[in-house]
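Numbered from 1 within each chain, the chains take letters A, B, ... in sequence-line order. Fair warning: this is a prediction, and the values are worked out from it, not measured in the lab.
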Amino acid sequence: MNRIYESFYTRDVLEVAPDLLGKKLCVYSVGKKESFIISEVEAYRGVEDSACHASKGRTPRTEVMYKKGGVIYVYLIYGVHWMFNIVTAELDVPQAVLIRGLRSINGPGRITNKLNIEKSFNGESLISSQRIWLEDGEKPDEIFTSPRIGIDYAGEPWTSKAWRYFI
DNA sequence: TCAATGATTTTG
DNA sequence: AAAATCATTGAT
């Protein structure tokens, strides 16, 4: 067991996001441990990033993003899918990494469906939780980047930032 | 290509 | 208090 420690998460989201690729997301699902290699992520960077929920101000929903790196931010999109995010950076710096894909699962909504992640995971700590955490994994061969998906509403320069990272 | 679906946010 | 919004998915 080589769980990733807090210091990994308290860095800037643009450092953490690409580092997450190749790491193992581990969960206890139906009583047994399962792990998945993270293959696709997106960075959401604080109040100045208009694609980030926190840019609209601190609300009950975005509150978790202001916590110290290492906790989980889960929210419902379109009333249909749960999105799984990992909060990064220091206290009161609202940044998060959206996990968009695992090696065997494509699509952010399908991850949470498969792993049985729902709103009770919101605010849970990846450092101390017994049911979900990250471990060191394989180092990716090559990392690709692209603009983020589905954020046309955010406007420039945010729509063209290459803050989506994948293997 | 478009309907589904519900918490959050705005009063569109 | 009511209604629009919405970072996706899967079926048509």
Side-chain angles (χ1 to χ4, degrees), chain A residues 9 11-23 25 27 29-30 34 36-126 129 131-132 134 140 143-167:
Chain A
Y9 302 105
R11 298 174 295 153
D12 188 274
V13 69
L14 295 182
E15 290 183 44
V16 178
D19 271 6
L20 242 22
L21 295 173
K23 295 283 188 286
L25 174 64
V27 295
S29 182
V30 284
E34 290 191 289
F36 302 87
I37 302 292
I38 296 174
S39 61
E40 183 180 348
V41 300
E42 278 181 12
Y44 286 86
R45 193 164 190 269
V47 288
E48 78 271 19
D49 178 3
S50 56
C52 179
H53 287 166
S55 67
K56 299 201 178 68
R58 193 165 182 156
T59 68
R61 180 169 67 147
T62 58
E63 184 66 30
V64 212
M65 270 201 279
Y66 287 82
K67 287 179 179 266
K68 207 168 179 183
V71 302
I72 300 171
Y73 171 40
V74 176
Y75 66 90
L76 190 63
I77 188 64
Y78 298 140
V80 181
H81 305 289
W82 294 104
M83 297 288 119
F84 177 66
N85 300 252
I86 297 175
V87 175
T88 71
E90 293 295 338
L91 190 65
D92 292 328
V93 181
Q95 303 186 342
V97 179
L98 170 65
I99 306 301
R100 295 191 60 88
L102 304 177
R103 177 164 294 173
S104 56
I105 310 172
N106 301 309
R110 305 186 66 191
I111 294 172
T112 49
N113 182 45
K114 171 104 183 207
L115 302 189
N116 299 313
I117 289 172
E118 26 62 51
K119 62 178 179 298
S120 74
F121 281 76
N122 197 43
E124 188 130 338
S125 170
L126 289 168
S129 174
R131 59 178 177 170
I132 185 161
L134 260 62
I143 293 176
F144 302 92
T145 63
S146 87
R148 292 173 292 178
I149 304 294
I151 55 153
D152 289 347
Y153 69 91
E156 292 295 345
W158 310 109
T159 48
S160 52
K161 295 268 186 208
W163 285 355
R164 173 174 173 243
Y165 304 87
F166 56 102
I167 299 176

Please report the distance, rounded to the nearest Å, between [atom1] in [X] and [atom2] in [N].
| X | N | atom1 | atom2 | value |
| --- | --- | --- | --- | --- |
| A:W82 | B:dT5 | CH2 | C1' | 12 Å |
| A:L76 | B:dG6 | CG | P | 8 Å |
| A:Y75 | C:dT5 | OH | C1' | 14 Å |

Pairwise side-chain contact, [X] with [Y], heavy-atom cut-off 4.5 Å (strictly under):
| X | Y | answer |
| --- | --- | --- |
| A:F144 | A:I167 | no |
| A:V87 | A:Y9 | no |
| A:Y44 | A:D49 | yes |

Next item on the list: Would you check, one step at a time, whether the test side-chain hydrogen bond (donor to acceptor under 3.5 Å, both in side chains) holds for A:R103 with A:S39?
Entry: CA-CA 5 Å; A:R103 177 164 294 173; A:S39 61; over 6 Å; no
Next item on the list: Looking only at non-hydrogen atoms, find the nearest pair between A:F121 and A:I72 and report the distance.
Entry: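 Minimum heavy-atom separation between A:F121 and A:I72: O-CB, 3.6 Å.
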Notebook entry, point to check: Does anything in residues 85-94 of chain A reach DNA chain B, meaning a heavy atom under 4.0 Å, and if so which residues?
Noted result: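 Under 4.0 Å from DNA chain B: no residue of residues 85-94 of chain A.
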Check: Heavy-atom contacts under 4.0 Å between residues 58-72 of chain A and DNA chain B, which residues?
Finding: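 Residues of residues 58-72 of chain A under 4.0 Å from DNA chain B: A:T59, A:R61.
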Next item on the list: State whether the side chain of A:S50 and the backbone N or O of A:A154 hold a donor-acceptor pair below 3.5 Å, judged by distance alone.
Entry: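 Yes, A:S50 side chain to A:A154 backbone: donor-acceptor pair under 3.5 Å.
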Note to self: Closer than 3.5 angstrom, by distance alone: can the side chain of A:R164 be matched with the main-chain N or O of A:E40 as a donor-acceptor pair?
What the structure shows: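 Looks like no, no N/O pair under 3.5 Å.
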Check: Got a sec? Which of residues 108-121 of chain A come in under 4.0 Å of DNA chain C, heavy atoms?
Finding: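 A:P108, A:G109, A:R110, in order of number.
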Next item on the list: Check DNA chain C against residues 147-155 of chain A and give the residues with a non-hydrogen atom under 4.0 Å, in numerical order.
Entry: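 Nucleic-acid contacts, sorted: A:I149, A:G150, A:I151, A:Y153.
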Checklist line | Residue list, side chain to side chain donor-acceptor pair (under 3.5 Å) with A:E48, at least two apart or on another chain | finding: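 If we apply the side chain to side chain donor-acceptor pair (under 3.5 Å) test to A:E48, skipping adjacent residues, the hits are A:R45.
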Check: Any Lys/Arg nitrogen of A:R11 or A:D19 sitting under 4.0 Å from an Asp/Glu carboxylate oxygen of the other?
Finding: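 Yes, charged N to carboxylate O under 4.0 Å.
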Check: What interatomic distance, in whole Å, is found between C1' of C:dC6 and the corresponding atom of B:dG12?
Finding: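 It works out to 14 Å between them.
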Check: More than 12 foreign heavy atoms under 6.0 Å from NZ of A:K67: is that the case here?
Finding: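 Incorrect, the count does not exceed 12.
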Next item on the list: Pick base, sugar-phosphate or nothing for A:R100, based on heavy-atom distances below 4.0 Å to the nucleic acid.
Entry: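 Result for A:R100 = sugar-phosphate.
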Notebook entry, point to check: How would DNA chain B look in dot-bracket form, 5' to 3', counting Watson-Crick and G-U wobble pairs with both distances under 3.5 Å and writing | for bases paired to another strand?
Noted result: ||||.||||||.
